[in-house]
**Q** 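Structure below; questions to follow.
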Amino acid sequence: MSSNFDLILAGAGHAHLGVLRLWAGGKRPAGRIGLISPDPHAWYSGMLPGLLAGRYQDAQCRIALEPLCRAAGIEFIEGAVTALDAASRTLHLANAQPLQAQWLSLNLGSLPKPPVTADEEMEQLAVKPFAGFIARWNQWQQHPQRLAVLGGGAAGVELALAMAGQVPSLALISATDLLPGHAPALRRRALKHLHKAGVQVIERCPVERIEHASLIARGQVVWQGPRLILATGASPLAWLDESGLACDGKGFIQITPTLQSVSHPQVFATGDCASLVDTPRNGVYAVRQGPVLASNLAQALQGKPLRHYVPQRTALALLADGQGGGMLSLAGFTLEGSLIGRWKDYLDQRFMSRHRINIP
Ligand SMILES: Cc1cc2nc3c(=O)[nH]c(=O)nc-3n(C[C@H](O)[C@H](O)[C@H](O)COP(=O)(O)OP(=O)(O)OC[C@H]3O[C@@H](n4cnc5c(N)ncnc54)[C@H](O)[C@@H]3O)c2cc1C
């Protein structure tokens with residue numbers, strides 16, 4: 001296989017799935033285009049809590065990439081990017097020759113922030129990458145043990161509610177109050193569900209280190225146990241730091257409203273790996289970038305002018321309550337119940353069916 005492409009899409013994140021879907025519908029620009037992903041599937045985070053709660057099977061929560069790429073006329077390359085030289089747009093892969101492209105688009109997601117220290121007596125499992133997380137979680141559940149989830153955002157709350165009752169004891173630990181950035185009423189609703197499910201909630205507890213199977217915050221042991229799930233806030237992939245791309249103070253790629261790197265316009269970036277004003281890191285915003293990205297990549301390949309992505313002012317948050325119901329938050333208004341859960345299921349499955357060419 002030649003290593004030169006007109007365009008490479010790196011990562012099968014939400015925005016790239018939208019690009020593939022649109023191009024599979026017949027709007028693909030001319031040129032040699034490839035998609036790189038370390039996993040033959042794109043896992044959908046919105047359905048992960050339902051999978052852990054036993055309401056979904058693996059195959060319902062992931063999209064097979066090869067058929068979607070084939071339908072879009074794009075080469076699927078299974079591999080993980082390990083380094084990038086932005087100036088030459090060369091991607092280095094684990095176990096394969098480097099690939100070079102005229103244009104690059106990065107939709108690589110993020111990883112949970114690791115805690116300050118590691119500890120041999122406490123196994124840590126990051127919620128991303130999802131395939132590795134699910135495989136290890138299933139192994140853990142052959143011998144369930146005392147468990148803590150670190151991270152009090154929407155992901156941590158949903159995971160704790162999904163796992164409650166499946167382990168002998170479960171704690172949810174948050175550096176701040178639960179669900180920062182959401183309406184206070186959503187926190188109260190979540191606390192009610194967590195207490196009902198028997199989850200020990202420890203708020204305003206910034207864990208600073210781990211020693212001898214103990215989590216330590218402000219010099220005090222706050223939890224002890226053998227297993228810890230990391231659902232902490234987003235951190236960037238480490239190798240972006242040496243790519244030459246201009247990054248913000250946290251290491252995320254700084255982009256313009258056209259979704260191009262501020263330092264390397266031939267590199268586009270979207271979703272969690274990118275940094276753009278008024279654009280929070282979640283799937284909703286990454287999905288909305290997809291159509292603009294598809295249009296701008298096609299225009300860029302033809303040397304035509306690009307559109308601006310304008311982030312929406314607010315986004316609907318829908319959290320699974322672990323029992324088939326849901327909690328909703330939008331612009332300070334909150335609601336919960338079984339109908340919300342059914343609506344979330346409908347939206348999640350609609351997203352999946354839009355992108356699924358066939359079930360693997
Ligand atoms: C449990 C949980 C539940 C969530 N629920 C919601 C929700 O309901 N709504 C919501 O809006 N957000 C939710 N989120 C947040 C959401 O998952 C992320 O914000 C969203 O996935 C970011 O999308 P993305 O397009 O940036 O990348 P992602 O969808 O994360 O995809 C990144 C892609 O890059 C690939 N990749 C990673 N590293 C490499 C590499 N080195 N080389 C090549 N490819 C690579 C990955 O395999 C993956 O295909 C949830 C998160 C979690 C953890």
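Quick note: residue numbers are just sequence positions, from 1. What you are looking at is a predicted structure, and each value in this text was computed from that prediction instead of being measured.
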**Q** Could you tell me whether the side chain of P40 reaches within less than 4.5 Å of the side chain of E78, counting heavy atoms only?
**A**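 Result yes, sub-4.5 Å side-chain heavy-atom pair found.
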**Q** Under a single-linkage definition using a 4.5 Å side-chain heavy-atom cutoff for Ile, Leu, Val, Met, Phe, Trp and Tyr, are Y346 and L335 assigned to the same hydrophobic cluster?
**A**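 Yes, Y346 connects to L335 through the hydrophobic network.
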**Q** Tell me whether the count of non-hydrogen atoms from other residues, nucleotides or ligands lying under 6.0 Å of CZ in R227 goes above 12.
**A**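 For R227, atom CZ is crowded (more than 12 foreign heavy atoms under 6.0 Å).
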**Q** Taking all non-hydrogen atoms of both residues, which atom of H182 and which atom of S329 are closest, and how far apart?
**A**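 Scanning both residues completely, I find the closest heavy atoms to be ND1-OG, 4.2 Å.
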**Q** Between Q220 and I216 (side chain of the first, backbone of the second, donor and acceptor by atom type, cut-off under 3.5 Å), is there such a pair?
**A**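 Pair absent, no side-chain N/O of Q220 close to backbone of I216.
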**Q** Using a 3.5 Å distance criterion without hydrogens, assess whether the side chain of E203 forms a donor-acceptor pair with backbone atoms of A175.
**A**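 No, because the side chain of E203 does not come within donor-acceptor range (under 3.5 Å) of the backbone of A175.
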**Q** Hey, does the side chain of R356 reach the backbone of R62 with a donor-acceptor pair shorter than 3.5 angstrom?
**A**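 Yes.
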**Q** Give a yes or no on whether E120 atom CD has more than 12 heavy-atom contacts from other residues, nucleotides or ligands under 6.0 Å away.
**A**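 Atom CD in E120 is not packed in, count stays at 12 or less.
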**Q** Keeping Y285 on the side-chain end and Q312 on the backbone end, is there a donor-acceptor pair under 3.5 Å?
**A**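 At least one qualifying donor-acceptor pair exists.
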**Q** Could you report the tightest heavy-atom contact between A154 and L319, atom names first, then the distance?
**A**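 Of all heavy-atom pairs spanning A154 and L319, the closest is CB-CD1, 4.1 Å.
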**Q** Distance-only check: which donor-acceptor pairs under 3.5 Å involve side-chain atoms of residues 163-171, not counting sequence neighbours?
**A**
residue, atom, partner, partner atom, Å
Q166, NE2, L52, O, 2.8
Q166, NE2, A162, O, 2.8
S169, OG, R146, NH1, 2.9

**Q** Can a cation-pi geometry be assigned to R281 and F252, taking NZ or CZ under 6.0 Å from the six-membered ring centre and within 45° of the ring axis?
**A**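 Yes, a cation-pi geometry holds between R281 and F252.
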**Q** Is there a donor-acceptor pair closer than 3.5 Å between any side-chain N or O of T270 and the backbone N or O of Q289?
**A**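 Absent.
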**Q** Apply side chain to side chain contact (heavy atoms under 4.5 Å, CB included) to V207 and I173, showing your working.
**A** CA-CA 8 Å; V207 170; I173 302 170; 4.0 Å; yes
**Q** Can you name the nearest heavy-atom pair linking L230 to P112, along with the distance?
**A**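 Heavy atoms only, the tightest pair is O-CG, 3.5 Å.
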**Q** Are I340 and V157 connected in a single hydrophobic cluster, I mean Ile/Leu/Val/Met/Phe/Trp/Tyr linked by side-chain heavy atoms less than 4.5 Å apart?
**A**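 In one cluster: no.
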**Q** For a quick test of reading the model, state the closest non-hydrogen atom pair linking A231 to V127 and the distance between them.
**A**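 Nearest heavy atoms, A231 then V127: CA-CG1, 4.2 Å.
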**Q** Evaluate side chain to side chain contact (heavy atoms under 4.5 Å, CB included) for W343 paired with L328, printing each intermediate quantity in order.
**A** CA-CA 10 Å; W343 188 42; L328 168 158; 3.7 Å; yes
**Q** Return yes when atom NE2 of H212 has more than 12 non-hydrogen atoms of other residues, nucleotides or ligands closer than 6.0 Å, and no otherwise.
**A**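 No, the 6.0 Å shell around NE2 holds no more than 12 heavy atoms from other groups.
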**Q** To the nearest 0.5 Å, what is the distance between CD1 on I8 and CD on Q100?
**A**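 Result: 7.5 Å between the selected atoms.
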**Q** Check each of L191, L159, V199 against L172 using the side-chain contact (heavy atoms from CB on, under 4.5 Å) test, and report the only one that passes.
**A**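 Among L191, L159, V199, the one meeting side-chain contact (heavy atoms from CB on, under 4.5 Å) with L172 is V199.
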**Q** Between E208 and R218, does a salt bridge (Lys or Arg N to Asp or Glu O under 4.0 Å) hold up when you go through it step by step?
**A** CA-CA 7 Å; E208 58 216 23; R218 300 191 184 95; over 6 Å; no
**Q** What's the spacing between R188 CZ and E336 CD if we round to 0.5 Å?
**A**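 With rounding to 0.5 Å, CZ (R188) is 11.5 Å from CD (E336).
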**Q** Kindly write out the residues that satisfy side chain to side chain contact (heavy atoms under 4.5 Å, CB included) with D119, not counting sequence neighbours, or none if the list is empty.
**A**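 Expected list: E121, M122, I210, A213.
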**Q** Using a distance-only test with no angle check, is there a side-chain donor-acceptor pair under 3.5 angstrom linking T176 and R204?
**A**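 Judged by distance alone, the side chains do not pair up.
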**Q** Would you say the side-chain atoms of R89 pair up with the backbone N or O of A87, donor to acceptor, closer than 3.5 Å?
**A**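 The answer is yes, because a donor-acceptor pair under 3.5 Å joins these two groups.
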**Q** Do I77 and L93 make a side-chain contact, defined as non-hydrogen atoms from C-beta onward lying under 4.5 Å apart?
**A**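 Sidechains of L93 and I77: in contact.
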**Q** Look at the aromatic rings of W137 and F133 and report parallel, tilted or perpendicular, splitting at 30° and 60°.
**A**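 Aromatic pair W137/F133 classed parallel.
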**Q** Count the heavy atoms belonging to other residues, nucleotides or ligands that lie under 6.0 Å from CD of Q57, then report whether that count exceeds 12.
**A**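 No, not enclosed.
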**Q** Is it true that D348 and K344 make a salt bridge, defined as a side-chain N closer than 4.0 Å to a carboxylate O?
**A**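 Between K344 and D348 there is a salt bridge, with a charged N closer than 4.0 Å to a carboxylate O.
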**Q** Give a yes or no on whether Q323 atom CD has more than 12 heavy-atom contacts from other residues, nucleotides or ligands under 6.0 Å away.
**A**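 At most 12 heavy atoms, drawn from other residues, nucleotides or ligands, come within 6.0 Å of this atom.
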**Q** Heavy atoms, side chains only, cut-off 4.5 Å: are T256 and L276 in contact?
**A**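 With C-beta onward as the side chain, the pair stays apart.
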**Q** Tell me whether M47 shares a hydrophobic cluster with L318, the cluster being built from Ile, Leu, Val, Met, Phe, Trp, Tyr side chains joined at under 4.5 Å.
**A**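 Cluster IDs for M47 and L318 differ.
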**Q** Less than 4.0 angstrom from a charged side-chain N to a carboxylate O is my criterion; do R55 and D345 meet it?
**A**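 The answer is yes: the pair qualifies as a salt bridge.
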**Q** Between L125 and G132, which heavy-atom pair has the shortest distance, and what is it?
**A**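 Looking at all heavy atoms of both residues, the closest pair is CD1-O, 4.5 Å.
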**Q** Pair N4, L99 - check side chain to side chain contact (heavy atoms under 4.5 Å, CB included), show working.
**A** CA-CA 6 Å; N4 292 318; L99 301 176; over 6 Å; no
**Q** In terms of side-chain heavy atoms, does Q224 have a donor or acceptor partner in S214 at a distance below 3.5 Å?
**A**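 The answer is yes; a qualifying pair exists.
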**Q** Do you see a donor-acceptor pair shorter than 3.5 Å between the side chains of S105 and H16?
**A**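 Their side chains do contain a donor-acceptor pair, which is all the 3.5 Å distance test asks for.
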**Q** When you compare the side chain of W140 with that of E123, does any pair of heavy atoms fall below 4.5 Å?
**A**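 A side-chain contact under 4.5 Å exists here.
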**Q** Hey, are the side chains of Q260 and L306 touching, using non-hydrogen atoms and a 4.5 Å cut-off?
**A**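 Answer yes - side chains close enough.
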**Q** With distance as the sole criterion, is a donor-acceptor pair present between the side chains of Y56 and Q349 under 3.5 Å?
**A**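 Note: Y56 and Q349 side chains meet the donor-acceptor criterion.
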**Q** Let me confirm one number: the SG-CG distance from C205 to L215, rounded to the nearest 0.5 Å.
**A**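 CG of L215 is found 8.0 Å from SG of C205.
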**Q** Supply the atom-to-atom distance I74 CD1 to C69 SG, rounded to the nearest 0.5 angstrom.
**A**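 If we round to the nearest 0.5 Å, I74:CD1 and C69:SG are 6.0 Å apart.
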**Q** Tell me whether K192 at atom NZ has more than 12 heavy atoms from other residues, nucleotides or ligands lying less than 6.0 Å away.
**A**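 Yes, NZ of K192 has more than 12 neighbouring heavy atoms, counting only those of other groups under 6.0 Å.
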**Q** Starting at SG of C273, measure out to CG of L111 and round the result to the nearest 0.5 Å.
**A**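 Going from the SG atom of C273 to the CG atom of L111 covers 11.0 Å.
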**Q** Work out which heavy atom in A72 is nearest to a heavy atom in R28; give both atom names and the distance.
**A**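 Taking A72 first and R28 second, the nearest heavy atoms are O-CD, 3.1 Å.
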**Q** Once you measure the plane-to-plane angle for F351 and H14, does it fall in the parallel (<30°), tilted (30-60°) or perpendicular (>60°) bin?
**A**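 Ring orientation of F351 relative to H14: tilted.
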**Q** Check whether any side-chain heavy atom of I255 lies under 4.5 Å from a side-chain heavy atom of V262, and answer yes or no.
**A**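 Contact flag for I255/V262 side chains = no.
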**Q** Taking N107 for its side chain and A15 for its backbone only, find out whether a donor-acceptor pair lies under 3.5 Å.
**A**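 Looks like yes, one N/O pair under 3.5 Å.
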**Q** Show your working on side chain to side chain contact (heavy atoms under 4.5 Å, CB included) between Y44 and I63 and close with a plain yes or no.
**A** CA-CA 8 Å; Y44 182 46; I63 295 156; 5.6 Å; no
**Q** Does CD belonging to E242 count more than 12 external heavy atoms closer than 6.0 Å?
**A**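 Result for CD/E242: open.
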**Q** Once you round to the nearest 0.5 Å, how far does NE2 of H41 lie from CZ of F130?
**A**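 Rounded to the nearest 0.5 Å, the NE2-CZ separation comes out at 15.0 Å.
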**Q** Should L237 and F268 be regarded as members of a common hydrophobic cluster, given that ILVMFWY residues are connected when their side-chain heavy atoms come within less than 4.5 Å of each other, either directly or indirectly?
**A**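 Same hydrophobic cluster.
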**Q** Are the side chain of E158 and the backbone N or O of A320 linked by a donor-acceptor pair below 3.5 Å?
**A**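 Confirmed, E158 side chain pairs with A320 backbone.
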**Q** When you compare the side chain of W23 with that of L297, does any pair of heavy atoms fall below 4.5 Å?
**A**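 They are in contact (side-chain heavy atoms under 4.5 Å apart), so the answer is yes.
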**Q** Do the side chains of M327 and L161 get nearer than 4.5 Å, heavy atoms only?
**A**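 A side-chain contact exists here, since the closest heavy-atom pair is under 4.5 Å.
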**Q** So if you build clusters from Ile, Leu, Val, Met, Phe, Trp, Tyr with side-chain heavy-atom gaps below 4.5 Å, do V310 and V287 land together?
**A**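 No, because V310 and V287 fall into different hydrophobic clusters, even though each may have its own neighbours under 4.5 Å.
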**Q** Sub-3.5 Å donor-acceptor pair from the side chain of D6 to the main-chain atoms of R32, do we have one?
**A**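 Yes; at least one donor-acceptor contact below 3.5 Å.
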